[in-house]
Amino acid sequence: MSTLSVEMLAAAPAEPITSAGHAQLGIAVLVGIAVIVLLITRLKLHAFLSLTIGSLVLGAVAGAPLDKAIASFTTGLGATVAGVGVLIALGAILGKLLADSGGADQIVDTILAKAGPRSMPWAIVLIAGVIGLPLFFEVGIVLLIPVVLLVAKRGNHSLMRIGIPALAGLSVMHGLVPPHPGPLAAIDAIGANLGVTLALGVLIAVPTAVIAGPLFSRLAARWVDVMPPEKLIPQRPSAELERRPSFAVTVATVMLPVVLMLAKALVDIVVDDPEDHVQRVTDVIGSPLVALLAAVLVGLFTLGRAAGFGRDRLAVTVEKSLVPIAGILLIVGAGGGFKQTLIDVGVGRMILDFSKDWSVSALLLAWLIAVAIRLATGSATVATISAAGLVAPLAADMSTTHAALLVLAVGGGSLFFSHVNDAGFWMVKEYFGMDVGQTIKTWSLMETVISVVSLVFVLLLSLVL
């Protein structure tokens, strides 16, 4: 990932900004974000178009020539897609292989076979965490919903005791752990180290998922008691397969990119010598592109071939995996364009000037900004990208670990209180057969618990790292 903090300072105006300039820029930021929010929430315009229009409005209100605003937006879009687009595509391919080959079902069945009634919520959150590493949140829900409904029905469990841990495991991974689009885009915008962010993200994600999953589900089950909807129990993805990959091979494939990236981060910390041969090797194999590409290539054999897929079936699987991510790539790219527009009109320098006299922690500030955008737009990805662009200048003088914690603070804030303007809210409501009030008491509060608990762990880690 490029060190964008240096680019930001270079892109900011060379002359000091006057108080009037600060006021104009502040108004421009508010107007730009307001336009994005209104277009997404009121007019139901796609987030890609909303971010594009909001970026141009931001530039116009800030007094930038239209051609300069367009250049800033396209530059940021191109840089962001170049930085994270390939990684998102590789993650999508790996996730599709995991689902279509029956590898995800193999993980589920193996863990559930060893779990008793009392440990079932803990088994479910473990399943969701492992499966959620390479999968997008929506795909993870579709994969796990049949399992959640079947386990709740056959084991006579409360649907909330099983469902909330599954949702918590998926949501925590989505907001805090790369290679999910939000964390990747924030890492790119802030210039954080991916390996360090991944390590700290997993460290925070585990206790957060436990608190928001198995523990919170006890309260959720008391507040809402619903039966698994019979009509919503779909056929499992691997039901028609004659064979599927083994549990050990599937887990090893999913964890391969994580291990490679963590190994690079560990060697960078221990060795810290660019000329060392070990570090040079780990820098290559532990780079996100190579790590994810290696997992995909390995997965073609360990997952696809193990399920009996021929060349044609593998080609179809890969092709189908890329179609759904077109919208995600455009949103992430447009978010990068919005971020670059913020930087080029001087918002980065303005935030640096103001923050000198603030007593608020930069980590808390990043979380609050992400919370505000999340509540307004309903999109965790939009909240992550926009907030990361606003607070990125604060990372210029931060250590590697604190820059990573800044990314995680933004990611945690982006999950705060999902409500009626979030597509995930309606997915959960319909799949679990709840009304709006019940969904707020369970899903929305669970998201809030994740957001607040992750912030607490981020702040605690910032005191010792």
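What you see is a predicted model, and the numbers here were worked out from it, not measured in a lab.
Under the 4.5 Å side-chain criterion, counting only non-hydrogen atoms from C-beta, L219 is in contact with R222. Inter-residue side-chain proximity for L405 and L408 is flagged as met; some heavy-atom pair is nearer than 4.5 Å. Side-chain contact between F432 and V224 is absent, with no heavy atoms from C-beta onward closer than 4.5 Å. K96 is not listed as a side-chain neighbour of L322, based on a closest heavy-atom distance of 4.5 Å or more. Residues L97 and T317 are in side-chain contact: their nearest non-hydrogen atoms beyond the backbone lie under 4.5 Å apart.
To the nearest 0.5 Å, the span separating CD1 on I53 from CG on L58 amounts to 13.5 Å. For the atom pair CG (D100) and CZ (F309), the distance works out to 5.5 Å, reported to the nearest 0.5 Å. Put simply, CD1 on I162 and CG on L167 are 11.5 Å apart, with the number rounded to the nearest 0.5 Å. The line from CG of L98 to CD1 of I93 is 13.5 Å long, rounded to the nearest 0.5 Å. Interatomic distance, L406 CG to I190 CD1, rounded to the nearest 0.5 Å: 4.0 Å.
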Full working for side-chain contact (heavy atoms from CB on, under 4.5 Å) between T448 and F216 = CA-CA 11 Å; T448 304; F216 174 72; over 6 Å; no
Could you go through the side-chain contact (heavy atoms from CB on, under 4.5 Å) check for F457 and I211 one step at a time?
-> CA-CA 12 Å; F457 283 120; I211 294 171; 4.2 Å; yes
Can you list the steps and then say if L289 with L90 is a side-chain contact (heavy atoms from CB on, under 4.5 Å)?
-> CA-CA 8 Å; L289 174 61; L90 291 172; 3.8 Å; yes
Hey, mind stepping through V318 and L314 against side-chain contact (heavy atoms from CB on, under 4.5 Å) and telling me if it holds?
-> CA-CA 6 Å; V318 172; L314 286 174; 5.5 Å; no
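Taking all atoms of both residues into account, the shortest heavy-atom contact from L303 to P245 is CD2-CG, 3.8 Å. Contact record, A212 with I450: CB-CG1, 3.4 Å, taken as the closest heavy-atom pair. Here the closest non-hydrogen pair linking A370 and S414 is CB-N, 3.8 Å. Residues R374 and S418 come closest through the heavy atom pair NH2-CB, 3.0 Å. Residue I373 comes nearest to S386 through the heavy atom pair CD1-CB, 3.5 Å, listed as atom of the first residue, atom of the second, then distance. The shortest heavy-atom contact between L445 and W223 is CD1-CZ3, 3.7 Å.
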Let me check something: any side-chain donor-acceptor pairs from residues 392-401 under 3.5 Å, sequence neighbours excluded? List them with distances.
{"residue": "S399", "atom": "OG", "partner": "T401", "partner atom": "OG1", "Å": "3.2"}
{"residue": "S399", "atom": "OG", "partner": "H402", "partner atom": "N", "Å": "3.3"}

Tell me which donor-acceptor pairs under 3.5 Å the side chains of residues 197-209 have, and how far apart each pair is, sequence neighbours excluded?
{"residue": "T197", "atom": "OG1", "partner": "N193", "partner atom": "O", "Å": "2.7"}
{"residue": "T208", "atom": "OG1", "partner": "I204", "partner atom": "O", "Å": "2.7"}

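Applying the salt bridge (Lys or Arg N to Asp or Glu O under 4.0 Å) rule to D225 yields no partners; only residues at least two apart in sequence or on another chain are considered. Every residue two or more places apart in sequence or in another chain that forms a side-chain hydrogen bond (donor to acceptor under 3.5 Å, both in side chains) with S451 is listed here: W367. By the side-chain hydrogen bond (donor to acceptor under 3.5 Å, both in side chains) test, S462 pairs with no residue at all, sequence neighbours left out. Considering only residues two or more places apart in sequence or on other chains, T253 meets the side-chain hydrogen bond (donor to acceptor under 3.5 Å, both in side chains) condition with T302.
Side-chain atoms of R243 come within 3.5 Å of backbone N or O of A306 as a donor-acceptor pair. Although no hydrogens or angles enter the test, the distance criterion places no donor-acceptor pair under 3.5 Å between the side chain of E447 and the main chain of S444. Of the possible donor and acceptor atoms, one in the side chain of S246 sits under 3.5 Å from a partner among the backbone N and O of V249.
With 3.5 Å as the limit, one finds a donor-acceptor pair spanning the side chains of R161 and S217.
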